[in-house]
K.L.:
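Could you have a look at this structure, given as structure tokens, before my questions?
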2 protein chains.
Amino acid sequence: MSDELMTIRQMCDSFGVTPRTLRFYEARELIFPQRRGQHRLYDRRDRARLTLILRGKRFGFSLEQIRQLLELYEPGGRNETQIAATIQVARERLEDMERQYSELSEAIAELQTQIGDAESRLSTATRSKRSG
Amino acid sequence: MSDELMTIRQMCDSFGVTPRTLRFYEARELIFPQRRGQHRLYDRRDRARLTLILRGKRFGFSLEQIRQLLELYEPGGRNETQIAATIQVARERLEDMERQYSELSEAIAELQTQIGDAESRLSTATRSKRSG
DNA sequence: CCAAAAGTTGACGCGAACGTAATCGAAACG
DNA sequence: CGTTTCGATTACGTTCGCGTCAACTTTTGG
């Protein structure tokens with residue numbers, strides 16, 4: 001298998017995005033599909049990156065933050081200073097995610113409580129209506 | 001204490017937002033400060049709601065989603081249909097948060113791995129420079 | 001071979017979530 | 001009592017993340 005090149009349409013179908021979105025990510029330098037003539041072709045790397053992009057978005061990261069994170073996955077020959085900077089950025093994102101993780105835990109518990117309360121108010125209202 | 005009314009400036013200072021933001025949230029009906037003449041005054045409830053708003057934002061929710069969630073905290077006399085709808089919306093948000101929670105767990109682990117890899121690449125580069 | 005489909009590059013548009021004056025009234029202060 | 005200061009309102013501007021044409025060039029299929 002020749003690295004499973006995909007057209008933009010195949011990418012869109014399998015990731016649930018639009019061509020516009022893929023071209024936009026490329027313009028922002030988050031993915032770099034090769035070209036066959038004018039047409040874009042996406043390989044395994046591009047797909048891996050897109051997966052990370054979409055996940056980063058679900059966590060509320062900006063495309064720029066995601067772009068910086070993706071540098072971490074580049075084995076490309078960059079110098080120490082750049083690598084160190086990339087690591088530093090990644091550590092900050094990691095802390096964001098760890099904070100969010102623990103905060104989510106609390107928020108989930110609170111929301112469950114509130115839903116429970118609201119449910120009991122609802123059943124009370126339903127009963128009082130039936131008997132009233 | 002008379003319920004600790006705060007001016008818009010005091011609110012901004014203690015929450016790290018701008019007046020524009022508070023007025024914007026009010027326009028979108030997420031908070032409802034009282035008025036003394038023309039001036040806004042924020043009480044305990046307003047602060048509690050703002051806390052929830054800012055937290056919701058950190059989770060990537062839109063202001064509209066947050067507004068719907070805040071209805072859950074309203075004991076106000078609404079009818080069963082409305083309460084049931086509010087509960088339904090809250091359940092969906094809860095599922096979002098639970099999905100995000102487990103996905104975050106994975107993502108954190110992966111990111112830690114990547115940072116570790118990058119760090120080893122960095123120290124290797126540093127060593128080869130020292131000895132080369 | 002010719003038409004339809006797929007893909008490309010601009011360029012403008014749009015909703016969300018505010019920022020940023022400009023202009024005004026009220027209010028606190030020396 | 002005048003003047004900063006604080007807040008309100010109105011309204012236009014901005015950034016992000018795409019959506020949506022329009023106008024063209026392939027590419028593919030009957």
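Because only heavy atoms are used, hydrogens play no part in the values below, and waters and symmetry mates are left out as well, while side chains stay in. Letters A, B, ... mirror the listed sequences (proteins, then strands); counts begin at 1.
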K.L.:
Salt bridge (charged side-chain N to carboxylate O under 4.0 Å, His left out): which pairs involve residues 102-120 of chain A, sequence neighbours left out?
P.N.:
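Every pair satisfying salt bridge (charged side-chain N to carboxylate O under 4.0 Å, His left out) with a residue in residues 102-120 of chain A: A:E103-B:R58, A:E110-B:R55, A:E119-B:R91.
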
K.L.:
Should A:E74 and A:R49 count as side-chain neighbours, where that means a heavy-atom distance under 4.5 Å?
P.N.:
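A side-chain contact exists here, since the closest heavy-atom pair is under 4.5 Å.
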
K.L.:
Can you pull the contact range of chain B along DNA chain C, 5' to 3', using atoms under 4.0 angstrom from its heavy atoms?
P.N.:
C:dA17 to C:dT20

K.L.:
Each nucleotide N or O in nucleotides 28-30 of chain D that has a protein N or O under 3.5 Å away: list the pair and distance.
P.N.:
none

K.L.:
Regarding B:E80 and A:R121, does a basic nitrogen lie under 4.0 Å from an acidic carboxylate oxygen?
P.N.:
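Salt bridge between B:E80 and A:R121, a charged N being under 4.0 Å from a carboxylate O: no.
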
K.L.:
Could you check if a side-chain atom of B:R67 sits within less than 4.5 angstrom of a side-chain atom of B:E64, using non-hydrogen atoms only?
P.N.:
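Yes. Closest side-chain heavy atoms under 4.5 Å.
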
K.L.:
Is the shortest heavy-atom distance from the side chain of B:V89 to the side chain of B:Q65 under 4.5 Å?
P.N.:
no

K.L.:
Verify salt bridge (Lys or Arg N to Asp or Glu O under 4.0 Å) between A:R47 and A:D43, making sure each step is shown before the conclusion.
P.N.:
CA-CA 6 Å; A:R47 275 167 291 190; A:D43 62 15; 5.9 Å; no

K.L.:
Out of the candidates B:L52, B:T86, B:I83, only one should pair with B:L72 under the side-chain contact (heavy atoms from CB on, under 4.5 Å) rule; please name it.
P.N.:
B:T86

K.L.:
Report, as a single string ordered 5' to 3', how protein heavy atoms within less than 4.0 Å touch nucleotides 15-20 of chain D: B base, S sugar-phosphate only, - not at all.
P.N.:
--BBBB

K.L.:
For B:M97 and A:I108, work out which heavy atoms get closest and say how close.
P.N.:
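Closest pair (atom of B:M97, atom of A:I108, distance): O-CD1, 3.7 Å.
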
K.L.:
Name the atoms and distances for all side-chain donor-acceptor pairs under 3.5 Å in residues 16-33 of chain B, with sequence neighbours left out.
P.N.:
unit_1, atom_1, unit_2, atom_2, d
B:T18, OG1, B:R20, N, 3.4
B:T18, OG1, B:T21, N, 3.2
B:T18, OG1, B:T21, OG1, 3.0
B:E26, OE1, B:R40, NE, 2.5

K.L.:
Could you check whether A:D96 pairs with A:R93 (Lys NZ or Arg NE/NH1/NH2 to Asp/Glu carboxylate O, under 4.0 Å)?
P.N.:
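Here A:D96 pairs with A:R93 in a salt bridge, since their nearest N and O are under 4.0 Å apart.
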
K.L.:
When you look at A:I66 and A:L70, which way does the side chain to side chain contact (heavy atoms under 4.5 Å, CB included) test go after all the steps?
P.N.:
CA-CA 6 Å; A:I66 295 171; A:L70 286 173; 4.1 Å; yes

K.L.:
So does B:R35 have more than 12 non-hydrogen atoms from other groups sitting under 6.0 Å from CZ?
P.N.:
yes

K.L.:
Report all interatomic pairs (protein N or O, nucleotide N or O of nucleotides 6-8 of chain D) with separations under 3.5 Å.
P.N.:
unit_1, atom_1, unit_2, atom_2, d
D:dG7, OP1, B:T7, OG1, 3.4
D:dA8, OP1, B:R40, N, 2.7
D:dA8, OP1, B:R40, NH1, 3.2
D:dA8, OP2, B:R23, NE, 3.3
D:dA8, OP2, B:R23, NH2, 3.0
D:dA8, O5', B:R40, NH1, 3.4

